Amino acid sequence: MLLLAVLLFAGCSSQRKVEKFLNNQLQFVSEGEQFTGVLMVDISREDTLFALNKNRYFTPASNIKVFTLYAALKELPDRVPALKYMIRSDTLHVLGTGDPSALHPTLGDSTALEFLREFEHIVYYPGTLAEPAWGTGWAWDDFDRYYMADRSSLPIYGNVLQLIRTPDSLRVTPGLFKDSIAFTKTAFRRKFDSNQFYYRTSFPDTVEIPLKLTPAISLHLWKEAVGRELLTGNSFPEGTWSVLSGMPADSLYREMMTVSDNFLAEQLMLMVSASLGDSLSFAKARDHVMNTHLSHMPSPPRWVDGSGLSRYNLMTPESMVYLLVRLYKEIPEERLFSLLAKGGKKGTLEDWYTGPDGPYLFGKTGSLSNNHNLCGYLRTRSGKTVAFSFMNNHYRKPTNLVKSRMQRLLNWVRDNY
């Protein structure tokens with residue numbers, strides 16, 4: 001009993017120390033130069049270490065991808081559904097599931113293509129996307145940026161044009177658009193309403209520009225990649241769709257979370273929807289996850305897309321930490337941490353939260369102009385694991401100053417709790 005009392009006193013003492021320090025550091029920040037919310041919870045003890053504006057709503061930006069990750073982990077199998085199909089006589093009927101991996105610039109999966117090449121007669125049904133190519137509240141003038149590729153039911157090449165400059169040429173993928181590039185300086189990298197692209201020598205060696213997709217263009221790209229004629233179907237054949245298993249799901253999740261890939265996040269929510277029926281709808285996937293798995297979440301979020309591109313998303317530190325604790329309890333730590341960005345490692349935390357003992361912070365950043373957030377798990381030097389959400393909205397100073405303050409405070413918690 002004496003030992004228990006000593007341990008409890010030590011725990012309470014370090015908890016009060018954290019609370020006092022963070023109160024002193026943040027008492028003026030949230031009142032003046034920006035809007036800040038913080039919640040830190042010791043997972044093993046389920047104790048709150050510190051709370052500031054935990055029930056207030058913030059623009060989460062890419063922190064919303066933690067919700068997308070949770071949805072995918074709960075609803076998708078260990079290998080992603082590459083497509084749905086039926087074989088009738090000598091004809092393969094194909095339905096998109098939203099899988100983004102086919103010839104993706106980074107993932108480069110070829111499962112679906114190799115499967116399609118086994119058939120001479122293929123019918124594709126394109127009308128399964130139940131929502132627009134862009135999410136609600138996306139900024140239209142980002143249409144030519146790599147992070148705002150169109151959502152679609154059967155993506156290919158990541159739905160982007162990739163330009164790679166070599167010493168003597170410019171490599172264009174997909175090659176269909178090699179004659180659609182003008183070498184000129186303009187405000188945008190592509191015409192708004194067509195696949196006319198603009199390139200200038202000041203661009204990085206590798207540039208990705210979203211394609212302007214139509215059903216006809218998507219069909220053409222798949223025809224060229226497969227080397228087969230694809231017909232378009234209107235009414236589904238009678239019967240039950242089979243599912244073609246694709247790449248390992250964790251590889252896709254890891255790419256989404258470590259580099260904060262918006263396209264992968266949006267397509268994952270469409271894949272969750274495809275697992276529930278034939279139509280692809282972010283809203284259907286979100287409503288299912290909220291009603292089935294997160295119905296008791298405190299401070300329910302306003303969740304309007306899978307990536308966090310929309311400023312219509314609203315989240316509280318409390319709801320974020322609730323989800324982080326759920327993830328930690330439901331997914332083995334080694335697997336969960338392997339999917340997240342890590343301090344000092346390649347990804348969005350590469351230049352932050354480094355130390356001689358290896359990664360001690362595993363999480364997800366979220367940035368839009370005038371907003372920067374970070375959530376995840378902090379391993380302290382004493383061996384404790386803290387789930388936290390640190391949200392900063394509506395500042396006008398450089399984001400690196402916000403990041404530096406966060407790093408200083410989180411490092412202090414690591415060393416003193």
Side-chain angles (χ1 to χ4, degrees), residues 79-87 90-129 133 146 148-164 166 169-181 190 194-197 199 206-234 241-249 251-252 255-256 261 263-264 266-268 270-271 274 280:
R79 301 188 78 88
V80 299
L83 51 81
K84 294 180 179 180
Y85 68 93
M86 287 188 207
I87 301 173
D90 62 347
T91 301
L92 176 71
H93 300 264
V94 175
L95 195 64
T97 59
D99 177 19
S101 61
L103 300 184
H104 183 278
T106 302
L107 303 173
D109 188 65
S110 60
T111 303
L113 277 80
E114 292 171 1
F115 178 70
L116 294 179
R117 287 170 183 154
E118 297 176 8
F119 299 86
E120 289 294 330
H121 305 291
I122 305 171
V123 179
Y124 164 58
Y125 298 85
T128 55
L129 183 63
Y146 72 94
M148 209 166 111
D150 285 7
R151 302 184 291 195
S152 67
S153 61
L154 194 63
I156 190 168
Y157 300 108
N159 289 354
V160 296
L161 177 79
Q162 185 181 63
L163 304 174
I164 299 178
T166 66
S169 67
L170 185 67
R171 190 162 75 236
V172 180
T173 306
L176 175 66
F177 302 105
K178 64 182 179 181
D179 295 326
S180 300
I181 301 167
R190 196 201 78 207
S194 72
N195 287 305
Q196 173 63 57
F197 302 93
Y199 184 85
T206 300
V207 177
E208 293 173 0
I209 307 172
L211 297 169
K212 178 66 175 177
L213 290 179
T214 65
I217 288 175
S218 294
L219 192 66
H220 195 158
L221 290 172
W222 274 95
K223 284 181 183 179
E224 286 201 340
V226 175
R228 295 278 193 279
E229 181 70 18
L230 273 69
L231 303 177
T232 301
N234 296 315
W241 294 100
S242 298
V243 176
L244 176 69
S245 295
M247 69 179 297
S251 298
L252 198 157
E255 181 69 13
M256 172 188 70
D261 191 296
F263 176 66
L264 298 184
E266 295 298 336
Q267 295 298 135
L268 273 172
L270 297 185
M271 280 195 281
L280 276 61

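All of these numbers come straight from a predicted model, not from anything done at the bench.
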> Val243: which residues meet the side chain to side chain contact (heavy atoms under 4.5 Å, CB included) condition with it, sequence neighbours left out?
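Per chain and number, Val243 pairs via side chain to side chain contact (heavy atoms under 4.5 Å, CB included) with Pro81, Lys84.
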
> Only counting residues at least two apart or in another chain, list the ones meeting side chain to side chain contact (heavy atoms under 4.5 Å, CB included) with Leu129.
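Once residues adjacent in sequence are excluded, the partners of Leu129 under the side chain to side chain contact (heavy atoms under 4.5 Å, CB included) criterion are Leu270, Leu280.
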
> Not counting sequence neighbours, list each pair that qualifies as a side chain to side chain donor-acceptor pair (under 3.5 Å) and has a residue in residues 219-232.
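Listed once each, the pairs are Lys223-Glu229.
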
> Could you tell me the separation between the OH atom of Tyr125 and the CE atom of Met86, rounded to the nearest 0.5 Å?
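With rounding to 0.5 Å, OH (Tyr125) is 8.0 Å from CE (Met86).
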
> Roughly how far, to the nearest 0.5 Å, is the CG atom of Leu103 from the OG1 atom of Thr173?
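If I round to the nearest 0.5 Å, the distance is 9.5 Å.
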
> To the nearest 0.5 angstrom, please state how far the CG atom of Asn195 sits from the CG atom of Leu176.
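Going from CG on Asn195 over to CG on Leu176, the span is 8.0 Å.
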
> Is any side-chain heavy atom of Phe177 closer than 4.5 Å to a side-chain heavy atom of Leu221?
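Yes. Closest side-chain heavy atoms under 4.5 Å.
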
> If every non-hydrogen atom of Glu118 is compared with every non-hydrogen atom of Glu114, which pair is closest and at what distance?
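Heavy-atom minimum between the residues: CG-O, 3.5 Å.
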
> His93 versus Trp241: any side-chain heavy-atom pair under 4.5 Å?
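With C-beta onward as the side chain, the pair touches.
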
> Restricting to side chain to side chain contact (heavy atoms under 4.5 Å, CB included), what partner residues turn up for Ser101, sequence neighbours left out?
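For Ser101 the side chain to side chain contact (heavy atoms under 4.5 Å, CB included) partners, ignoring immediate neighbours, are Asp99, Leu107, Asp109, Met247.
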
> Counting N and O atoms only, with roles assigned by atom type, does the side chain of Arg151 sit under 3.5 Å from a partner on the main chain of Glu266, one being a donor and the other an acceptor?
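Here the side-chain-to-backbone pair does not exist.
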
> Is the shortest heavy-atom distance from the side chain of Ile87 to the side chain of Thr91 under 4.5 Å?
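The answer is no, as the side chains (C-beta and beyond) never meet within the 4.5 Å cut-off.
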
> Looking only at the aromatic ring of each residue, does the gap between the centers of Tyr85 and Phe115 stay below 6.0 angstrom?
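Here the rings of Tyr85 and Phe115 have centres that are less than 6.0 Å from each other.
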
> Taking Arg79 for its side chain and Gly246 for its backbone only, find out whether a donor-acceptor pair lies under 3.5 Å.
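Present.
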
> Looking only at heavy atoms, which two atoms of Ala225 and Leu113 are closest? And how far apart?
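In this case the closest contact between Ala225 and Leu113 is CB-CD2, 3.5 Å.
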
> Under the criterion side-chain contact (heavy atoms from CB on, under 4.5 Å), which of Leu211, Val172, Val207 is the partner of Phe197?
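Answer after filtering Leu211, Val172, Val207: Leu211.
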
> Restricting to non-hydrogen atoms, name the atom on Gly233 and the atom on Pro126 that form the minimum distance, rounded to 0.1 Å.
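The answer is O-CD, 3.8 Å.
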
> CD1 of Ile217 to OG1 of Thr214: how many Å apart, nearest 0.5 Å?
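Going from CD1 on Ile217 over to OG1 on Thr214, the span is 3.5 Å.
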
> For residues 153-164, please give each side-chain donor-acceptor pair under 3.5 Å, one per line with the distance, not counting sequence neighbours.
{"unit_1": "Ser153", "atom_1": "OG", "unit_2": "Tyr124", "atom_2": "OH", "d": "3.1"}
{"unit_1": "Asn159", "atom_1": "OD1", "unit_2": "Ile156", "atom_2": "N", "d": "3.4"}
{"unit_1": "Asn159", "atom_1": "ND2", "unit_2": "Asp150", "atom_2": "O", "d": "2.9"}
{"unit_1": "Asn159", "atom_1": "ND2", "unit_2": "Ser152", "atom_2": "OG", "d": "2.9"}
{"unit_1": "Gln162", "atom_1": "NE2", "unit_2": "Glu208", "atom_2": "OE2", "d": "3.3"}

> Please give me the minimum heavy-atom distance between Met271 and Gly98, naming the atom from each residue.
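Scanning both residues, the minimum pair turns out to be CG-C, 3.8 Å.
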
> Sequence neighbours left out, what passes side chain to side chain contact (heavy atoms under 4.5 Å, CB included) with Ala249? Give chain and number order.
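Residues passing side chain to side chain contact (heavy atoms under 4.5 Å, CB included) with Ala249: Val80, Tyr253.
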
> Let's go through Lys212 and Arg190 carefully: what are the C-alpha distance in whole Å and the side-chain angles of both, what is the deciding distance for side-chain contact (heavy atoms from CB on, under 4.5 Å) to 0.1 Å, and is it a yes or a no?
CA-CA 9 Å; Lys212 178 66 175 177; Arg190 196 201 78 207; 3.9 Å; yes

> For a 4.5 angstrom cut-off between non-hydrogen side-chain atoms, does Leu252 reach His104?
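Heavy-atom side-chain distance check fails, nothing below 4.5 Å.
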
> Could you check if a side-chain atom of Val123 sits within less than 4.5 angstrom of a side-chain atom of Val94, using non-hydrogen atoms only?
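No; the side chains remain at least 4.5 Å from each other.
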
> Rounded to the nearest 0.5 Å, how far apart are CG of Leu230 and NE2 of His121?
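NE2 of His121 is found 12.5 Å from CG of Leu230.
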
> When you look at OH of Tyr146, are more than 12 heavy atoms from neighbouring residues, nucleotides or ligands closer to it than 6.0 Å?
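No, the 6.0 Å shell around OH holds no more than 12 heavy atoms from other groups.
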
> From Thr166 OG1 over to Arg171 CZ, what is the distance, rounded to the nearest 0.5 angstrom?
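It comes to 7.0 Å.
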
